[in-house]
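The next block holds one structure in the form of structure tokens; read it before the comments.
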Protein chains: 2
Amino acid sequence: MTTQRPSENAIAAWTRLVRVSTQLHVKIEQSLKNQGLPPLSWYDVLIEVHRAGSEGLRQFEISNKTLLPKHNLSRLIDRLEKEKLVRRQTCSEDGRGNLILITEEGTEVLKRMWPVYGSGIHEGIEGSLEPEEVLMLAELLEKLTTGSRK
Amino acid sequence: MTTQRPSENAIAAWTRLVRVSTQLHVKIEQSLKNQGLPPLSWYDVLIEVHRAGSEGLRQFEISNKTLLPKHNLSRLIDRLEKEKLVRRQTCSEDGRGNLILITEEGTEVLKRMWPVYGSGIHEGIEGSLEPEEVLMLAELLEKLTTGSRK
DNA sequence: GGTTTGTAGTTGCACTTGCAACTATATGCA
DNA sequence: TGCATATAGTTGCAAGTGCAACTACAAACC
């Protein structure tokens with residue numbers, strides 16, 4: 001199996017992908033901080049737990065969805081729990097694991113973060129692309145995401 | 001000025017953008033580590049300094065190109081310098097700054113990293129998109145990159 | 001049942017990053 | 001010239017991250 005070299009266009013796509021995502025990421029992080037709000041990683045976890053509703057989510061499920069490594073997530077949840085934004089509940093079906101549930105305060109924080117996050121996305125994406133282009137971008141990126149989305 | 005909310009498609013584009021870039025980033029980092037090679041951030045800096053050739057680059061220029069914050073870059077260059085992959089040269093035109101120059105060894109490391117990095121890009125991008133799609137993706141992302149590219 | 005192997009999650013340690021403060025030089029302006 | 005302000009880069013400290021080792025439970029196998 002020989003090492004395949006990427007085309008010029010693939011290199012351009014990749015470098016721009018990285019650039020765009022870090023630029024916007026930094027910008028949104030800054031907006032959040034300016035508003036005294038927590039970082040994006042908190043949002044990512046909270047939103048998943050929120051979607052799971054009263055069922056809650058196992059840590060490994062959150063890990064899969066957010067792409068955060070488990071050890072990292074373990075400590076992030078420590079922080080969220082300390083702020084009472086989520087709570088850990090011992091899992092009846094699997095004695096090894098926890099169920100993570102969002103609290104009222106957690107939902108509240110989500111609500112306060114979203115306007116900032118959302119307007120960052122709006123400006124970053126729709127500020128320079130037409131609606132059809134946004135759709136096309138979303139479709140192209142869909143093809144690129146490997147494995148367990150959803 | 002009211003807070004603009006993003007469209008569903010914009011949200012999808014953004015979440016997939018983040019997902020794709022982190023997935024591939026993680027994958028390439030792992031490949032590099034498996035080969036006993038340094039992390040991607042080293043490559044990013046080295047390639048910029050390499051492109052600048054014997055002119056060298058100021059740290060703030062590298063910072064602009066790579067989006068690494070200056071304090072971070074300062075210490076990254078410490079590490080690169082310790083490994084003799086770059087060298088700092090006091091700048092004659094501006095007594096505050098350094099010129100960063102790549103060394104033979106630095107160029108050598110770039111050469112060893114590229115096959116791994118390149119094949120990661122190839123698989124990650126061209127593994128699931130047709131050539132026209134890659135081009136289209138690159139063009140859409142070009143429109144999204146704000147400011148000082150080059 | 002007991003033993004091996006796998007998975008969920010946590011923790012210690014080293015390293016990296018962010019933040020704010022700091023030094024040093026450059027630039028603008030009276 | 002002399003002073004105020006801005007920029008380049010570094011550093012101390014706190015916080016976050018990766019890695020590998022570890023505990024605890026589960027599942028498969030005998």
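Letters A, B, ... are given to chains in the order of the sequence lines, protein chains preceding strands, and every chain is numbered from 1.
Partners of A:F60 under the ring-ring contact (aromatic ring centres under 6.0 Å, His included) rule, at least two apart in sequence or in another chain, do not exist in this structure. Taking the side chain to side chain contact (heavy atoms under 4.5 Å, CB included) definition, one finds that A:S21 meets it with B:W14, B:L17, B:S21, sequence neighbours left out. B:E61 is linked by a salt bridge (charged side-chain N to carboxylate O under 4.0 Å, His left out) to nothing, counting only residues two or more places apart in sequence or in another chain. Evaluation of the side chain to side chain contact (heavy atoms under 4.5 Å, CB included) rule for A:E132 yields A:E130 as partners, not counting sequence neighbours. Every side chain to side chain contact (heavy atoms under 4.5 Å, CB included) that A:A12 has, sequence neighbours left out, goes to A:R16, B:A138. With sequence neighbours excluded, no residue forms a salt bridge (charged side-chain N to carboxylate O under 4.0 Å, His left out) with B:K33. Listed by chain and residue number, A:V18, B:L67 satisfy the side chain to side chain contact (heavy atoms under 4.5 Å, CB included) test with A:T22 (two or more places apart in sequence, or in another chain).
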Check the interface with nucleotides 23-27 of chain D: list each N/O to N/O pair with the protein under 3.5 Å, or write none.
unit_1: D:dC25; atom_1: O3'; unit_2: A:G95; atom_2: N; d: 3.4
unit_1: D:dA26; atom_1: OP1; unit_2: A:G95; atom_2: N; d: 3.0

If you restrict it to nitrogen or oxygen atoms, what contacts under 3.5 Å exist between nucleotides 15-17 of chain C and the protein, and what is each distance?
unit_1: C:dT17; atom_1: OP2; unit_2: B:N72; atom_2: OD1; d: 3.2

Polar atom pairs (N or O), protein with nucleotides 1-3 of chain D, under 3.5 Å:
none

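Per the geometry, CG belonging to B:L73 stands 10 Å off C1' belonging to D:dG9, to the nearest Å. Between the NZ atom of A:K70 and the P atom of D:dT17 there is a distance of 17 Å, given to the nearest Å. The CG-P distance, from A:L32 to C:dG18, rounds to 15 Å in whole Å. Atom-to-atom, CG of B:N64 to C1' of D:dA8 comes out at 12 Å; the value is rounded to the nearest Å. Summarising the geometry, the separation between CD on B:Q89 and C1' on D:dG9 is reported as 16 Å, rounded to the nearest angstrom. Rounding to whole angstrom units, CD1 of residue A:I77 and C1' of C:dT11 are separated by 15 Å. The interatomic distance linking B:N98 (CG) with C:dA26 (P) rounds to 13 Å, in whole Å. Following rounding to the nearest Å, B:K33 (NZ) and D:dA20 (C1') show an atom-to-atom distance of 12 Å.
More than 12 heavy atoms of other residues, nucleotides or ligands lie within 6.0 Å of CE in B:M113, so this atom counts as buried by the packing criterion. At most 12 non-hydrogen atoms from other residues, nucleotides or ligands lie less than 6.0 angstrom from NE2 of B:H50.
Within residues 45-60 of chain A, the residues that place at least one heavy atom under 4.0 Å from DNA chain C are, in residue-number order, A:R58, A:Q59, A:F60.
Residues B:I125 and A:P6 fail the side-chain proximity criterion, which asks for heavy atoms closer than 4.5 Å.
Listed pair B:R88 / D:dA8 fails the phosphate criterion, with no side-chain N or O lying under 4.0 Å from OP1 or OP2.
Just one residue in the list A:L110, A:I47, A:D44 forms a side-chain contact (heavy atoms from CB on, under 4.5 Å) with A:Y117, and that residue is A:D44.
Here side chain to side chain donor-acceptor pair (under 3.5 Å) pairs that include residues 77-88 of chain B, with residues two or more places apart or in two chains, are B:Q59-B:R88, B:D78-B:R88, B:E81-B:R88, B:R87-B:Q89.
Side chain of A:S63 to backbone of A:L68: a donor-acceptor contact under 3.5 angstrom is found.
Of all heavy-atom pairs spanning A:P39 and A:L32, the tightest one is C-CD1, 4.3 Å.
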